[in-house]
Amino acid sequence: MERTNYCGRINQTYLGQDVVLKGWVQRRRDLGGMVFVDLRDREGIVQVVFNEETNEKVLKTAHELHSEDVIEVIGEVAERIDGQKNENLATGSIEVVAKDLKILNAAQTPPFNIAHHEGTSNDLRLKYRYLDLRNERMQRNLMLRHKVTHAIRNFLDKHQFIDIETPYLTKSTPEGARDYLVPSRVHDGKFYALPQSPQILKQLLMASGFDRYYQIVRCFRDEDLRGDRQPEFTQVDLEMSFLSEEEIRNLMEEMLKYVVKQTSGQEIKASFPVMNYDDAMANYGSDKPDIRFEMLLKDVTGVVKNCDFKVFSSTIEQGGAVKGLTVAGGADQFTRKQIDALQEIVSQHGAKGLAWLKVTEEGFSGPIARFFEEEALQSSLMDAMGAEAGDLLLFVADKLQVVHAALGDLRVHLGQMLKLYAPDELAFLWVVNWPLYEYDEEQGRFVASHHPFTRPQAQDIEKLSTNPYDIRAQAYDIVLNGYEVGGGSLRIHERELQEMMLHTLGFSDEEMYQQFGFLLEAMNYGFPPHGGIALGLDRLVMILANEPNIREVIAFPKNGKAADPLTGAPSMVSKDQLDELHLKVTASKEKMVADNVFDFGQEDE
RNA sequence: GGCCCCGUAGUGUAGCGGUUUACCACGCCUGCCUGUCACGCAGGAGAUCGCCGGUUCAAAUCCGGUCGGGGUCGCCA
């Protein structure tokens with residue numbers, strides 16, 4: 001029989017009608033003379049009733065049902081009498097009285113509780129991902145993801161964007177993340193690289209005159225994973241010709257508001273705040289500030305420069321800085337032990353310690369209070385920190401970079417710990433005026449802070465040869481709730497400027513032509529002014545879904561070691577395969593076998 | 001690569017040198033039960049305490065190593 005309805009979609013309008021349902025047994029409640037089954041499909045759950053009056057034979061089969069059996073039920077939709085309705089269930093006011101039951105496929109007992117997978121190890125969930133994805137939360141997340149991409153495509157189509165695919169087998173380029181390499185059978189000893197992003201190709205599409213391009217595209221980076229980073233991830237990749245930075249930002253803002261409206265129903269009216277990179281670093285200690293709450297970093301370097309607390313004064317003497325956070329009302333909230341736990345957070349970022357003061361009506365208290373007894377010092381410190389009685393003051397003294405990293409992270413932790421924002425709040429902002437270059441101490445050279453095709457700000461171009469560190473880029477990041485969900489820039493479209501840029505990055509002429517010759521050459525043939533942005537789709541969906549980890553919005557993610565416990569990838573390959581690819585593996589066989597921990601398909605019987 | 005945390009029945013956990021025959025809950029199996037909804041009741045099975053080594057009269061418990069997982073710093077233009 002053909003299915004007539006989704007379980008979760010049955011409601012009062014079907015009363016008295018016969019329905020054919022197909023789904024999974026979420027739960028059986030067997031009362032002997034009657035059986036209740038919670039039947040589940042992608043749209044939800046409905047209660048099915050089996051009893052002797054309707055069909056004795058069917059009741060007998062119902063006694064044998066197990067969790068996750070796939071069944072077909074034919075029955076009549078009936079209203080539940082008062083007192084039997086279930087308020088916690090969307091379909092709780094009705095039930096399906098079964099007339100017929102067919103077991104389409106019986107199931108083994110699942111290896112973990114599918115409906116309540118909280119606390120189940122990540123590894124087990126990934127190994128049986130197809131079961132984990134039956135969980136309501138996972139179904140909801142993947143459907144949300146679908147709605148987000150659907151809304152994006154819808155919006156971009158309306159705005160004349162053209163979806164164009166770019167190759168996955170492409171050329172390895174220096175700069176940036178490590179590439180995933182793909183060996184070539186046809187070309188001895190040569191490799192393709194999977195794209196870290198389609199950056200150059202989308203620029204070339206601008207040269208071709210497509211004017212507005214987009215692609216929802218997989219990107220690959222062979223770097224260590226994090227909660228918000230997977231080795232393969234999805235970008236909403238866009239490029240536009242003839243638009244200014246502001247025009248691009250406005251369009252993206254409109255798109256993001258549209259996406260939020262379409263998926264969560266939330267209407268964001270105000271325009272996104274635009275913050276200078278320098279201000280973000282100074283006030284939030286981060287280039288992706290979470291502006292759902294205040295608690296700004298306060299600079300007290302000038303105030304404590306000459307104080308008797310040597311940790312402060314000598315750090316400043318050596319060129320460092322002292323900054324702090326004011327935790328409003330925190331004096332009574334935090335025990336000594338809890339403050340020690342905060343210390344752990346800052347030390348992860350290289351800070352040597354976390355100094356603290358509690359502000360009381362009588363002045364400061366705490367282990368370093370004795371250094372701040374002088375009244376003038378006390379009041380100027382209070383002023384600088386914006387503090388009042390009852391507050392907790394936390395300080396880090398170190399190199400400015402360390403201070404920012406430590407306090408920036410501490411701030412985020414405190415915001416979370418003290419619940420300083422609503423759980424479903426969405427706080428977008430733009431971070432602009434990025435430095436074009438950063439100095440990489442390890443490599444002893446400048447590296448592009450965005451990428452080598454980023455356009456310097458017009459007034460700074462002359463500094464390319466004199467003072468690269470001082471150049472600002474026409475680059476912009478879109479930040480949401482403390483996550484970088486996208487970044488873009490205006491690009492260089494003039495050959496001469498692009499060559500200057502690459503020279504500053506340390507490229508010789510030869511290296512430059514070898515790596516990027518095709519791009520430079522394209523710039524000879526009428527390359528339009530252009531710019532673009534790439535949004536991290538996984539992160540965006542993660543935040544909209546209110547999930548703490550990007551894995552929860554990806555159907556088949558990798559684990560922390562970039563492996564897939566479900567399929568067992570990556571795995572060893574045969575010698576024949578290697579030979580054909582002209583490859584020789586030098587890793588020890590023992591190590592590889594030991595590393596191959598995945599076993600499956602083996603029954604224990 | 002560094003640092004931190006975790007590995008005990010199918011799942012989640014308790015136990016942290018000897019009163020242990022390794023606790024509890026869920027799940028599983030058997031039986032009973034006609035209005036349950038994480039149904040209930042009675043009974044039952046299920047664990048070489050990740051692995052290797054050491055300390056000890058005695059190790060799930062302490063120590064070292066190793067493997068696996070998670071987080072984080074580095075890394076991620």
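As the structure is a prediction and not an experimental result, all values here were calculated from the model. In what follows, every chain begins at residue 1, and chains take the letters A, B, ... in the order their sequences are listed.
Remark: A:Lys57 does not engage A:Glu52 in a salt bridge, criterion side-chain N to carboxylate O under 4.0 Å. Between A:Lys288 and A:Asp477 there is no salt bridge, since no side-chain nitrogen of the basic residue lies less than 4.0 Å from a carboxylate oxygen of the acidic one. With respect to A:Glu494 and A:Arg455, a salt bridge is recorded, a charged nitrogen being found less than 4.0 Å from a carboxylate O. A salt bridge links A:Lys463 to A:Asp460: at least one charged side-chain nitrogen sits closer than 4.0 Å to a carboxylate oxygen.
Taking atom CG on A:Asp228 and atom P on B:G71, their separation rounds to 11 Å, with Å as the unit. When rounded to the nearest whole Å, the span between CG of A:Asp398 and P of B:C73 equals 16 Å. Taking atom CG of A:Asn113 as the reference point, atom C1' of B:C28 lies 13 Å away to the nearest angstrom. If you measure from atom CD of A:Glu95 to atom C1' of B:U36, you get 10 Å, rounded to the nearest angstrom. Atom CZ of A:Arg551 and atom C1' of B:G69 are 10 Å apart (whole Å). A:Asn88 places its CG atom 11 Å from the P atom of B:C37, with the value rounded to the nearest Å. The CD atom of A:Glu344 sits 9 Å away from the P atom of B:C5 (whole-angstrom rounding). At whole-Å resolution of the value, CD in A:Glu52 and C1' in B:G35 are 14 Å apart.
Here, B:G71 and B:U30 have their P atoms 40 Å apart, quoted to the whole Å. Distance check on atom P: B:A60 versus B:C23 gives 15 Å, rounded to whole Å. Distance check on atom P: B:C28 versus B:G69 gives 29 Å, rounded to whole Å. On the P atoms, B:U21 is 29 Å away from B:G64, given to the nearest whole Å. Distance noted for atom P between B:G17 and B:C6: 16 Å (whole Å). Remark: the separation of the C1' atoms in B:G12 and B:U72 is 25 Å, to the nearest Å. Separating the C1' atom of B:U55 from that of B:C62 is a span of 8 Å, rounded to the nearest Å. When the P atom is used for both B:U11 and B:G50, the distance is 13 Å, rounded to whole Å.
Checked by distance alone, A:Asn559 brings no side-chain donor or acceptor within 3.5 Å of a matching partner on the base of B:G69. Between the base of B:C37 and the side chain of A:Arg80 there is a donor-acceptor pair shorter than 3.5 Å. Taking only distance into account, the side chain of A:Arg229 meets the base of B:C75 through a donor-acceptor pair shorter than 3.5 Å. For A:Gln348 and B:G74, a side-chain-to-base donor-acceptor distance below 3.5 Å is absent, hydrogens and geometry of angles not being considered. Scanning atom types as modelled, no donor and acceptor separated by under 3.5 angstrom connect the side chain of A:Gln84 and the base of B:U36. At a cut-off of 3.5 angstrom, the base of B:G74 holds at least one donor-acceptor pair with the side chain of A:Arg226.
Here the side chain of A:Phe36 is nearest to one of B:U36, B:C28, B:U34, namely B:U36. Taking the side chain of A:Arg27 as heavy atoms from C-beta on, and the options B:C76, B:G70, B:G27, the nearest nucleotide is B:G27. Comparing B:C39, B:G74, B:U11 by their closest approach to the side chain of A:Thr120 singles out B:U11. In the set B:U34, B:G68, B:C37, the nucleotide with an atom closest to the side chain of A:Asp123 is B:G68. Among the nucleotides B:G74, B:C75, B:C28, the one closest to any side-chain atom of A:Asp224 is B:G74.
Between A:Glu68 and A:Ile114, the closest side-chain pair of non-hydrogen atoms falls below 4.5 Å.
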Using atom names, set out every protein N or O paired with an N or O of nucleotides 8-10 of chain B below 3.5 Å, distance rounded to 0.1 Å.
from	atom 1	to	atom 2	distance (Å)
B:G10	O2'	A:Pro111	O	2.9

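Between A:His66 and B:C29 there is a side-chain N or O to OP1 or OP2 distance below 4.0 Å. The phosphate of B:U36 (OP1 or OP2) has no side-chain N or O of A:Arg29 nearer than 4.0 angstrom. Applying the 4.0 Å criterion to OP1 and OP2 of B:G70, one finds that A:Asn122 has a side-chain N or O inside that range. The shortest distance between the side-chain N/O atoms of A:Asn549 and the OP1/OP2 oxygens of B:G71 is below 4.0 Å.
Pair assignment for B:G31 gives B:C41, based on Watson-Crick or G-U wobble hydrogen-bonding distances that are each under 3.5 Å. With a cut-off of 3.5 Å on both pairing distances, B:A9 has no Watson-Crick or G-U wobble partner at all. Using the Watson-Crick or G-U wobble rule with both distances under 3.5 Å, B:C3 pairs with B:G71. With a 3.5 Å ceiling on both atom-pair distances, the Watson-Crick or G-U wobble partner of B:C62 is B:G54.
Judged by closest nucleotide on RNA chain B, A:Ile81 is the one of A:Ile81 and A:Asp440 placed further toward the 5' end. Each of A:Ser197 and A:Lys561 has a nearest nucleotide on RNA chain B; the 5'-most of these lies closest to A:Lys561.
Among the protein residues, A:Glu53 comes within range of the nucleic acid bases, having at least one heavy atom under 4.0 Å from a base atom. Among the protein residues, A:Ser449 comes within range of the sugar-phosphate backbone only, with heavy atoms under 4.0 Å from sugar or phosphate atoms but none that close to a base.
Ring orientation note: the planes of A:Tyr180 and A:Phe220 are nearly perpendicular, at an angle over 60° on the 30°/60° scale. The aromatic rings of A:Tyr130 and A:Tyr128 stand perpendicular to each other, their planes meeting at an angle above 60°, with 30° marking the opposite boundary.
Between A:Phe453 and A:Phe516, a ring centre-to-centre spacing shorter than 6.0 Å is recorded.
Of the possible polar contacts, one joining the A:Arg445 side chain to the A:Leu505 backbone as a donor-acceptor pair under 3.5 Å is found.
Residues A:Asp69 and A:Ala107 approach most closely at OD1-N, 2.6 Å, considering heavy atoms.
Around atom CD of A:Glu56, no more than 12 heavy atoms belonging to other residues, nucleotides or ligands sit under 6.0 Å away.
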